[in-house]
*Asks:* 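Input: one structure, supplied below.
Lettering of chains follows the sequences in order, A, B, ..., and the numbering in each one begins at 1.
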Amino acid sequence: MANELLFFMEVLVGGLLAGTMYSLVALGFVLIFKASATFNFSQGAMVFFSVLAFCGFMQDFNIPFVLAFILAALLMVVVGLCTERLVLRPLMNASEDTVLMATIGLGYVLEGLAQAAWGVEVRRLDLGIGDFPVPWIADNLKLFISALDITAGLVAAIMIIGLFLLFKYTKIGLGLRAVADDAGAASSIGIPLKHIMLLVWSAAGVVALVAGCMWGARAGVQFALVDLALKALPVLIIGGFSSIPGAIIGGLIIGAVEKILEVYIGPFFGGAIEGWAPYVLAIFFLLYRPEGLFGEKIIRRV
Amino acid sequence: MKPIFMTYTKKDLINLAVCMVLSVLIIPTFIKTEYWYTSILIPWLCLALATIGQQIVMGYTGQLALGAAGFMAAGAFAMFNLILRVPDLGFVGSLIVSGLIAAAFGILFGLPSLKVRGIYLMVATLASQFFIIWMIDKFGWFKNYDSSGIITAQDIVILGKPFTTPLAMYFVCLAVTTILTLLAMNMARGSTGRNWMAVRDMDIAAESMGVSLLRTKVQAFAISAFYCGVAGALFAFCYLKSLEPVAFDIKLSFKILFMCILGGLGTINGAFIGAAFILLFPVLLNAIGNNVFHGAIDATIISSIEQVIFGLLMIIFMIYEPLGMAKLWENLKQSMRSKLSSSRIKNLKSSAVKK
């Protein structure tokens, strides 16, 4: 009995920690949605693009780790700049769906550019953190938890706290919230819309880079990352599109539920239900609480 | 213009006649190479049909859906099993029933559209995409317990006659596509389509005018999935000639989405234009790579460039012409017509001056 409970705990904790990986991707979505009410479908592509650039700098040009990371982050700022200038500004007054489709196009562009520049083969990314159980926890608590999962959890926690403070207590955060609420009104009282957008897209780019490093260290840097990043969408639906804590909780829920289902129910159906379970869970959430756990209620005017 | 047959005007009938003469007489007499049928015309017709399905739900009813390939897979595997297990149905019967089976999935996964829209609905429809592919993959029954993963599609036999040559398969695809396209145009112009468009333009206003949202949306999803299912069955039986769930992955869904948007939302001819463009552009790009650069550019780079161009086009169309290529075509016709009429007026004036 104790063993079963221990096994359940292990599955649960593993799932929760893996869920923080989804949270990291979801965080990028939330940042952009909070500041511009735009669904950035290209976030997954940004994860892929940034981490492939990071790997490319390190492995093809032999640039040291830290410098490569900074270069990749700068590249994401450039991507943000170009996106703001070339995609978002011309679509300022377009409908939500039009902008969403444009970001799908943007995702395609980023995926294609990344592959054209750095090739299509799977790259290994070594962060110096092993993806194996931490001996200390394995010995004392009898839980097998990967060091990489713990690092991802910590990184996610730090980023969440940082972003939360930024949004809540700084002037920039206030500006961001004002723009999200009503871009026209915000710009009329002197909030520089251009800078805000650039800031948000750059921040989302850096978040994507961090998420990409975590995913890349686990599964290799490859195109499949884009599909993995799609799972951030159910995370957002559960957590709410405009809530940073929601992205985290949503990620944790998805991570835990998908692991538990996979381990306990999966064998009856031949496994691999991870592929769709998050989406079906999201449908149930949509039916009962469409705005998500922490999202603001959407009120549409007629 | 007054309709002279159902909702069709004289202009429509002329267009139809031109298309029919072109596709039934001119193409088969002038195109003899098999490559054109097996690699371009057949997939074009199948994907155009799927794109019409996507159009119905996205272009006409305004519901952002991203699961066309899932419904195509449902249709394809339903077809395989129907021919295998219920041989009495025949090809046409199986095709209709597999479309209906796909439609059942469409209703099931279209239900969330009653509560949500936009990206929320997109996520809900992604569930259908992943679920259907997983279901086919994991339950051996659907694949007749074939362990190799790829099943060869049965030969097409209609009324005892085999349709196995590329030309014959082309005619099968052409017949099905023509009938379904005409039906789709009919629906789009009739009260069904008007309800769809009313829901697209403003659902709450449509509801207050007495349009049932439940009925309209579920109907649109069912019909859309029917079209995708039939298209998927044709795609597997005439083009791929094999069945494997991987062929219907999320990439195909995105491809159909692109065909639909670049072709022109809310138009039937846009589906054909979009499908032709997305299908032919890579062929063109490869030809340029082979003939201009003589294979100096790697094939993977070419496919990456293709992806970048599709993405850029998507952005450019969203910014400058959200109604897609069908609208560009319409504008071109319009400007030609106005040029023609202005030159006619000039002629009239000059002849009047002479007098």
*Asks:* Grab the two heavy atoms, one from Met122(B) and one from Ile104(A), that are nearest each other, plus how far apart they are.
*Replies:*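 That would be CE-CD1, 3.6 Å.
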*Asks:* Do Phe39(A) and Tyr120(B) touch side chain to side chain, with heavy atoms closer than 4.5 Å?
*Replies:*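 They are in side-chain contact.
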*Asks:* Between Glu96(A) and chain B, with a heavy-atom cut-off of 4.5 Å, which part of the residue counts as in contact: side chain, backbone, both or neither?
*Replies:* neither
*Asks:* Examine whether an atom of Leu265(B) lies under 4.5 Å from a heavy atom of chain A, and if so say whether it belongs to the side chain, the backbone or both; otherwise answer neither.
*Replies:*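 Looking at Leu265(B), just its side chain touches chain A.
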*Asks:* Measure from the ring center of Trp276(A) to the ring center of Phe130(B) and say whether it is less than 6.0 Å.
*Replies:* no
*Asks:* Is Leu286(A) close to chain B through its backbone or its side chain, or both, or neither, when contacts mean heavy atoms under 4.5 Å?
*Replies:*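 Both backbone and side chain.
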*Asks:* Answer with side chain, backbone, both or neither: which region of Ile305(B) has an atom nearer than 4.5 Å to a non-hydrogen atom of chain A?
*Replies:* neither
*Asks:* Using heavy-atom distances under 4.5 Å, tell me whether Ile319(B) contacts chain A through its side chain, its backbone, both, or neither.
*Replies:*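 Backbone plus side chain of Ile319(B), per the 4.5 Å heavy-atom cut-off to chain A.
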*Asks:* Rounded at 0.5 Å granularity, tell me how far CE in Met101(A) sits from CG in Leu64(B).
*Replies:*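 So the CE of Met101(A) and the CG of Leu64(B) are separated by 5.0 Å.
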*Asks:* Less than 4.5 Å to any heavy atom of chain A: does that hold for the side chain of Leu257(B), its backbone, both, or neither?
*Replies:*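 It is the side chain, since no backbone atom gets that close.
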*Asks:* Mind listing the closest non-hydrogen atom pair of Pro112(B) and Ile283(A) along with its distance?
*Replies:* CG-CG2, 3.9 Å
*Asks:* Answer with side chain, backbone, both or neither: which region of Leu236(A) has an atom nearer than 4.5 Å to a non-hydrogen atom of chain B?
*Replies:* neither
*Asks:* Could you look at Phe317(B) and say if it's the side chain, the backbone, both or neither that has a heavy atom under 4.5 Å from chain A?
*Replies:*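 Contact with chain A: none, neither part.
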*Asks:* Is Tyr320(B) close to chain A through its backbone or its side chain, or both, or neither, when contacts mean heavy atoms under 4.5 Å?
*Replies:* neither
*Asks:* Select one option (side chain, backbone, both, neither) describing which atoms of Met318(B) are under 4.5 Å from chain A's heavy atoms.
*Replies:*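 Both parts, backbone and side chain.
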*Asks:* So, do Phe310(B) and Tyr108(A) have ring centers that fall under 6.0 Å from each other?
*Replies:* no
*Asks:* Please look at Phe33(A) and chain B and tell me whether the side chain, the backbone, both or neither of the residue comes under 4.5 angstrom of a heavy atom of that chain.
*Replies:* neither
*Asks:* Search all heavy atoms of Ala127(B) against all heavy atoms of Val280(A) and return the closest pair with its distance.
*Replies:* CB-N, 4.3 Å
*Asks:* To check you understand the geometry: which heavy-atom pair defines the closest contact between Ser304(B) and Gly112(A), and what is its length?
*Replies:*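 Ser304(B) and Gly112(A) have their closest heavy atoms at CB-O, 3.4 Å.
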*Asks:* So which atom in Val123(B) and which in Tyr279(A) form the shortest heavy-atom distance, rounded to 0.1 Å?
*Replies:* O-CD2, 3.9 Å
*Asks:* Taking every heavy-atom pair that is under 4.5 Å apart, which of Phe131(B), Phe254(B), Trp134(B), Phe109(B) has the most such pairs with chain A?
*Replies:*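 So the answer, after comparing Phe131(B), Phe254(B), Trp134(B), Phe109(B), is Trp134(B).
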*Asks:* Who wins among Leu313(B), Asp137(B), Ile302(B), Ile315(B) for the most heavy-atom pairs under 4.5 Å with chain A?
*Replies:* Ile315(B)
*Asks:* Locate the shortest heavy-atom distance separating Phe241(A) from Ile119(B); write the atom from each residue and the value.
*Replies:* CZ-CG2, 3.7 Å
*Asks:* Would you mind checking which part of Ala94(A) comes under 4.5 Å of any heavy atom in chain B, side chain (CB onward), backbone (N, CA, C, O), both or neither?
*Replies:* neither
